[in-house]
Amino acid sequence: MPESNPLYIYNSLSRKKEVFEALNPPFVGMYVCGPTVYSDVHLGNVRSFLTFDVVYRYLTYLGYNVRYVRNITDVGHLLDDRDEGDDKIEKRARLEKIEPMEIVQKYTNGFHNTVNQFNLIPPSIEPTATGHIIEQIEMVQRIIKNGYAYEVNGSVYFNVKKYDEEHNYGELSGRKLDELLNQTRDELEGGHEKRFFADFAIWKKAAKDTIMKWDSPWGIGVPGWHLECSVMSTKYLGQAFDIHGGGMDLKFPHHECEIAQSIGADGVSPVKYWMHGNMLTVNGTKMSKSLGNSFLPEELISGDHPLLEKGYTPMTVRFFFLQANYKSTVDFSNEALQAAEKGLNRLMTAIDTLMQLTTSEQSNVDVDAIIKASKESMNDDFNTPTTIAHLFDGVKLINSINDNKNTINDADLKILQNHYNTFVFDILGLTKENSSSSNDELSDELMGLIIDLRNQSKENKDWSTADLIRDELKKLNISIKDTKDSSTWDYEK
RNA sequence: GGUUCCGUGGCCGAGUGGCUAGGCAGUGCUCUGCAAAAGCAUCUACAUCAGUUCGAAUCUGAUCGGAACCUCCA
């Protein structure tokens with residue numbers, strides 16, 4: 001539980017940083033909009049999930065008991081909500097000539113593999129839309145009963161106009177209904193089933209050739225596109241819960257509709273703190289599949305993509321993202337990624353140094369200052385860039401102790417070691433990626449032998465042999481680095 | 001057009017009234033047979049114009065430029 005300094009969270013609803021106070025401490029309910037599993041997740045998606053991974057990790061660190069729910073959307077994402085709506089997953093299934101659930105399984109697996117690579121902690125519950133059809137039907141019934149929805153030809157629409165008369169449709173995104181009306185006048189032409197242009201489907205009658213469909217009081221159909229999140233958050237976190245996260249692009253209409261549905265069904269505004277992560281951009285434009293500027297995590301790692309000069313490890317990317325505030329866009333560039341790669345390396349090297357530091361009787365360094373600064377940064381709306389900056393201040397300190405320019409005693413060293421373990425590995429979720437992970441005992445022993453031979457050459461001042469060994473190993477992507485009285489080696493991809 | 005937001009040094013990116021983060025690159029130095037790596041030190045800034053103020057990157061207004069959302073997207 002937060003003691004001295006409280007945690008502040010930027011709430012999209014109030015557009016202010018607010019002190020975080022859990023509804024039912026020590027429990028915290030957090031819902032994050034997960035992926036629609038109709039194709040591979042790309043790097044932009046990863047950034048969003050990473051943001052909330054850190055939120056989850058930090059809340060846990062603070063002592064909260066977090067139930068983290070992140071859904072899998074496996075049905076119901078209609079391409080539009082007009083009469084001829086089409087389901088993304090079905091469309092993809094037809095293209096690939098396989099079962100919709102095969103698509104769902106394939107890309108769910110892919111999603112899990114990807115987020116594992118980036119060291120994201122799995123959520124406490126990962127519910128699927130198709131697993132909650134009954135609950136969705138029940139929610140539609142509650143909304144109808146409360147007079148906020150109407151049925152037309154086997155479809156049910158949320159009555160936004162009526163809702164807005166009693167509540168405030170658009171409170172999250174700052175939109176006004178009459179302003180929306182002005183901009184979408186064209187859309188009103190033509191005889192749709194909706195009574196009002198802003199109404200949205202919460203149950204949609206199935207087209208004849210639809211494969212995924214369910215029986216309901218209104219006939220055979222599919223749940224509307226915004227409903228699942230309302231249903232599953234209510235089921236697992238209650239009618240009102242602490243944090244709801246998602247990408248900025250979901251703010252409107254998706255999250256706006258969630259609020260309306262929850263109030264329409266249960267009379268309760270569902271979320272205390274709305275959090276929105278910003279977009280990953282490429283050359284200043286949002287990364288998205290339709291623009292063709294996205295790339296897949298595998299392409300990133302291999303470097304096999306026109307936009308990439310080389311491959312980058314998942315941890316480099318994780319660190320790169322954490323060096324920016326989650327509320328800002330991050331622009332992808334090779335230069336920035338390479339800077340992150342080196343910076344991360346510097347941090348990890350310093351941690352190695354930290355673990356083998358020799359102690360003195362006295363400390364003349366202020367470890368508390370670094371620890372305090374790191375915590376305050378995280379408490380300031382999960383400000384990972386400044387947290388990392390403070391960790392780098394510590395790097396300077398660690399190196400100076402290692403150079404005998406400063407001293408540290410046993411107690412302080414333990415504190416500092418613990419701090420870096422906690423912040424770097426537990427909270428920021430970075431891991432040591434041994435670039436020589438392909439090593440086995442045999443290569444270790446062989447390399448040890450080669451290095452011994454080379455050291456003998458060096459002792460004999462046979463520089464040409466020593467250099468030959470180093471140059472030839474270089475061709476095999478093995479780099480030799482000489483330190484004062486030993487040599488290390490690394491396999492570089 | 002509407003809503004929301006942004007423009008910081010070569011690059012990335014913090015910072016919301018005075019104390020000028022951090023990383024990468026550059027430069028100098030240390031270490032070293034050489035190299036690499038590592039370490040230390042260090043230089044470049046606040047889109048433009050006007051205003052408020054003792055004082056502004058930070059507040060106000062205008063101008064220019066950019067983005068997201070308003071249609072599925074994290």
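First the proteins, then the strands, lettered A, B, ... as listed; each starts at 1.
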Once you apply a heavy-atom cut-off of 4.0 Å, does [X] come out as touching a base, just sugar-phosphate, or nothing?
X: A:Ile480; answer: base
X: A:Arg92; answer: nothing
X: A:Arg47; answer: nothing
X: A:Lys342; answer: sugar-phosphate
X: A:Arg346; answer: sugar-phosphate
X: A:Gly277; answer: nothing
X: A:Lys396; answer: sugar-phosphate
X: A:His42; answer: base
X: A:Asp331; answer: sugar-phosphate

**OP:** Between B:rU58 and B:rA14, how far apart are the C1' atoms? Round to whole Å, please.
**Re:**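 One C1' to the other, the span is 13 Å.
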Original post:
Using centres under 5.5 Å plus planes under 30 degrees as the test, is A:Trp463 stacked with B:rG33?
Top reply: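 Stacking between A:Trp463 and B:rG33: present.
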Original post:
Quick one: are A:Leu300 and A:His305 in side-chain contact, heavy atoms under 4.5 Å?
Top reply: no
Subject >> Stacked cation flag A:Lys289 on A:Tyr38, 6.0 angstrom / 45 deg >> reply: yes
Original post:
Checking side-chain contact (heavy atoms from CB on, under 4.5 Å) against A:Gln417, which of A:Ile351, A:Ile398, A:Leu354 comes through?
Top reply: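 Of the listed residues A:Ile351, A:Ile398, A:Leu354, the side-chain contact (heavy atoms from CB on, under 4.5 Å) partner of A:Gln417 is A:Leu354.
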